[in-house]
Amino acid sequence: MSTARTVRLLVPSAAALWTSALGLWGLSRQNSVWRDEAATWQVARRSTAEIVQLLGNVDVVHGLYYLLMHGLFELFGPGTAVLRLPSVAATAVAAACVAALGHRLAGPWAGLGGGVALGLLPAVQFYLQEGRPYALVAAGAGVSTLLLVTLLEGRGRTVHWIAYSGTVALCGLLNWLSLMILPAHLLTLLLSGRNGRSGRSGHDLGGPGEPGEPGEPGEPGEPGGRGGSGWSGASAGLGKRWAAAAGAAVACVLPLVLFSRSQSAQVSWIPPLTWHMLIGPAVLLAVGGAGALLDRRSPHRPGGPSAAAVGLPLLVVPHLGLVGLSLIQPLFLDRYVLFSLLGLALLIGAAIGVAVRTVSRRLPRAGWWLLPAIVAVAAVALLPQALAKRSPASRVDDVLAAADDVRRLKRPGDAVLFFPSARRDTRLVSPDAFSGLEDIALARTPERSGTLKGVEAEPSRIRAAMLTHRRILLVTDTPAVSRPPATERDRMKRSVLRNHFRIVTDTQTRGRRVTLYERRV
């Protein structure tokens, strides 16, 4: 195997291994699971028919992900490792894609730097160990962007267009907001067509700063091969094929988009967009912009896009698109555009590649140590955040801790109440902890009703049931994160407990509160 091919394999492999190590570190978060992950856990444990029934009422946007996790739970059983390992593996794939892109567009040091940088980004470290679909979307974004670059370089075939369209569609089915990658890719296509380059390859395949192996030639007679310029002449044809592939992907996802609009009440809790919510994205865009400016100093492969032409649209367009949507309906949550951070990592990698080449011209040996030094400094600087994101305190609450408290406090004949009813997720994730307890407010189970939290009885019936019990366990939120009762049922629960019961034990653990009430004599 040639040195060039060895490096092409080692760069993404090293990035994937590094990211996997970050993901496996502290994976269980001290055996804690928070409410968003609890939704995945309890739905994945249902039958396929029950999941389909649920999706007709709620959470259809996560339907494909729930079915995937259902299959994994059936194969390996429920647990924190099974819940989170798909996100670890997906982020490793995303890092490998960033590394491959950086290597191809700006050299191996840029690729390795970008792939390693992705796993260090705080937002990525949060969702790297999250039992939700956002890391899977990021992996799909990385694969689709790598396919796009292959096509822009003139090396693609029909199968690449099919794979590109299918990957974008799959991401859209996991989270339809990921379709914002399409205008980002369109901008990359336009920038590459307008600024097609020719010249010497700048890939460092030996030591830092050494000239690299020239790019592989394109197909005979095909404009846009790496062996020469002429990409712009083929841009119209590429544009039409891209439009067809993008249109097919959108057509696959459009029914999900339209149906999910009927469930828009699910996101009604998201606050309206404010200026201070834009500070974080503005910082990310500034860092990415600096990386794009430095990338202008980097030699690029002939006939293909630059790292800036790929990374900057991938970073900027989804953020701007989410801001635009949030002006119509509040939707501004960073996890919806987590995949855009692949663009930031690619631009950081390009900047690192420029730094390595600059240092190597004056101090050849120092160039080899620049990337490890940068990674070490960044890892130490971000260590407090990395530790925090691997602790149970990094999430709003801990469903499993509350279940442990219930298991310890319950006695035969006790009843249990949930306030609000969404806190029933504690029971759904850990049913064994609630064995022997009567859920006195529940009229129809979540599985039978096709809901996440079940259907509760009328307030008068709940009141009557409460007054027939001597001891009641209440599972609710701690005061720091609780909200005033929003329904008549919850107001009635609180009133009866206050007027007819007294507190015997009150435990608060990681955002959840379990209170034991005893009937006054």
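Bear in mind the structure is a predicted one, so any value in this text is a computation, not a measurement. Numbers here are sequence positions counted from 1.
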Counting only heavy atoms not in Arg483 (residues, nucleotides, ligands), do more than 12 fall under 6.0 Å from its CZ? no
Applying the ring-ring contact (aromatic ring centres under 6.0 Å, His included) test to Tyr127, which of Tyr134, Phe339, Tyr336 qualifies? Tyr134
Salt bridge or not between Arg510 and Asp404? Use side-chain N to carboxylate O under 4.0 Å. no
Ignoring hydrogens and geometry, is there a side-chain-to-backbone donor-acceptor pair from Ser178 to Cys171 under 3.5 Å? yes
Within the 3.5 Å criterion, strictly below it, is a donor on Arg427 or Gln42 matched to an acceptor on the partner's side chain? no
Aromatic rings Tyr517 and Phe501: how do their planes relate, parallel, tilted or perpendicular, breaks at 30° and 60°? perpendicular
How long is the gap from CG on Leu17 to CG on Leu10, to the nearest 0.5 Å? 10.0 Å
Polar side-chain atom of Thr19 near backbone of Ala15 as donor-acceptor pair, under 3.5 Å: yes
Applying side-chain contact (heavy atoms from CB on, under 4.5 Å), run through Val429 and Leu400 and close with a yes or a no. CA-CA 8 Å; Val429 169; Leu400 297 183; 3.7 Å; yes
Would you give the length of the straight line joining atom NZ of Lys389 to atom CH2 of Trp25, rounded to the nearest 0.5 angstrom? 11.5 Å
I'd like to know if Arg512 pairs up with Asp425 as an ion pair, taking the criterion as any Lys NZ or Arg NE/NH1/NH2 lying under 4.0 Å from an Asp or Glu carboxylate oxygen. yes
Main-chain N/O of Gly23 paired with Gln129 side-chain donor or acceptor, under 3.5 Å: yes
The complete set of side-chain hydrogen bond (donor to acceptor under 3.5 Å, both in side chains) pairs with one or both residues in residues 408-420, sequence neighbours excluded, reads Asp405-Arg408, Lys410-Ser435, Asp414-Arg471
Start with the C-alpha gap between Leu442 and Arg424, add the side-chain angles, then the distance that decides, and say whether side-chain contact (heavy atoms from CB on, under 4.5 Å) holds. CA-CA 10 Å; Leu442 189 63; Arg424 189 168 280 107; 3.9 Å; yes
Within the distance-only criterion (no hydrogens, no angle test), does the side chain of Gln263 pair as donor or acceptor with the backbone N or O of Leu55 below 3.5 angstrom? yes
Report the distance from atom CZ of Arg491 to atom CD of Glu488, rounding to the nearest 0.5 Å. 5.0 Å
Any ion pair linking Glu456 and Arg444 (charged N to carboxylate O, less than 4.0 Å)? no
From CA spacing to verdict: side-chain contact (heavy atoms from CB on, under 4.5 Å), Leu409, Thr505: CA-CA 8 Å; Leu409 294 172; Thr505 304; 4.0 Å; yes
Looking at Arg470, I want to see if its CZ is surrounded by more than 12 non-hydrogen atoms of other residues, nucleotides or ligands under 6.0 Å. no
Steps toward side-chain contact (heavy atoms from CB on, under 4.5 Å) verdict (Phe418, Lys453): CA-CA 10 Å; Phe418 300 93; Lys453 55 189 178 183; over 6 Å; no
For Arg335, does the CZ atom have more than 12 heavy-atom neighbours from other residues, nucleotides or ligands under 6.0 Å away? yes
Contact list for residues 249-273, test salt bridge (Lys or Arg N to Asp or Glu O under 4.0 Å), sequence neighbours left out: none
Whether Phe126 and Trp34 hold their rings parallel, tilted or perpendicular, with breakpoints at 30° and 60°: perpendicular
To the nearest 0.5 Å, tell me how far Leu174 CG sits from Leu64 CG. 5.0 Å
Please check this pair: side chain of Arg519 against backbone of Leu467, looking for a donor-acceptor N/O pair closer than 3.5 Å. yes
Are there more than 12 heavy atoms of other residues, nucleotides or ligands under 6.0 Å from atom CZ of Arg407? yes
Asn499 side-chain N/O to Ser495 backbone N/O, donor-acceptor pair under 3.5 Å: yes
Are the side chain of Arg45 and the backbone of Trp41 linked by a donor-acceptor contact shorter than 3.5 Å? no
Distance-only donor-acceptor check, side chains Arg395 and Ser32, under 3.5 Å: no
CH2/Trp369: more than 12 non-hydrogen atoms of other groups inside 6.0 Å: no
Quick one: closest heavy-atom pair of Gly131 and Tyr65, and the distance? C-OH, 3.0 Å
Go through Arg132 and Glu37 one step at a time and tell me if the salt bridge (Lys or Arg N to Asp or Glu O under 4.0 Å) criterion holds. CA-CA 6 Å; Arg132 299 299 278 173; Glu37 292 180 308; over 6 Å; no
Donor-acceptor pair, side chain of Ser165 and main chain of Ala248, under 3.5 angstrom: no
Just by distance, do the side chain of Gln385 and the backbone of Leu382 share a donor-acceptor pair under 3.5 Å? no
Within the distance-only criterion (no hydrogens, no angle test), does the side chain of Trp269 pair as donor or acceptor with the backbone N or O of Gln266 below 3.5 angstrom? yes
Exactly one of Thr507, Asp506, Asp397 should register a side chain to side chain donor-acceptor pair (under 3.5 Å) with Arg513. Which one does? Asp506
CG of Leu342 to CG of Leu347: how many Å apart, nearest 0.5 Å? 11.0 Å
Considering all heavy atoms of both residues, which atom of Val33 and which atom of Asp398 are nearest to each other, and what is their separation? N-OD1, 3.1 Å
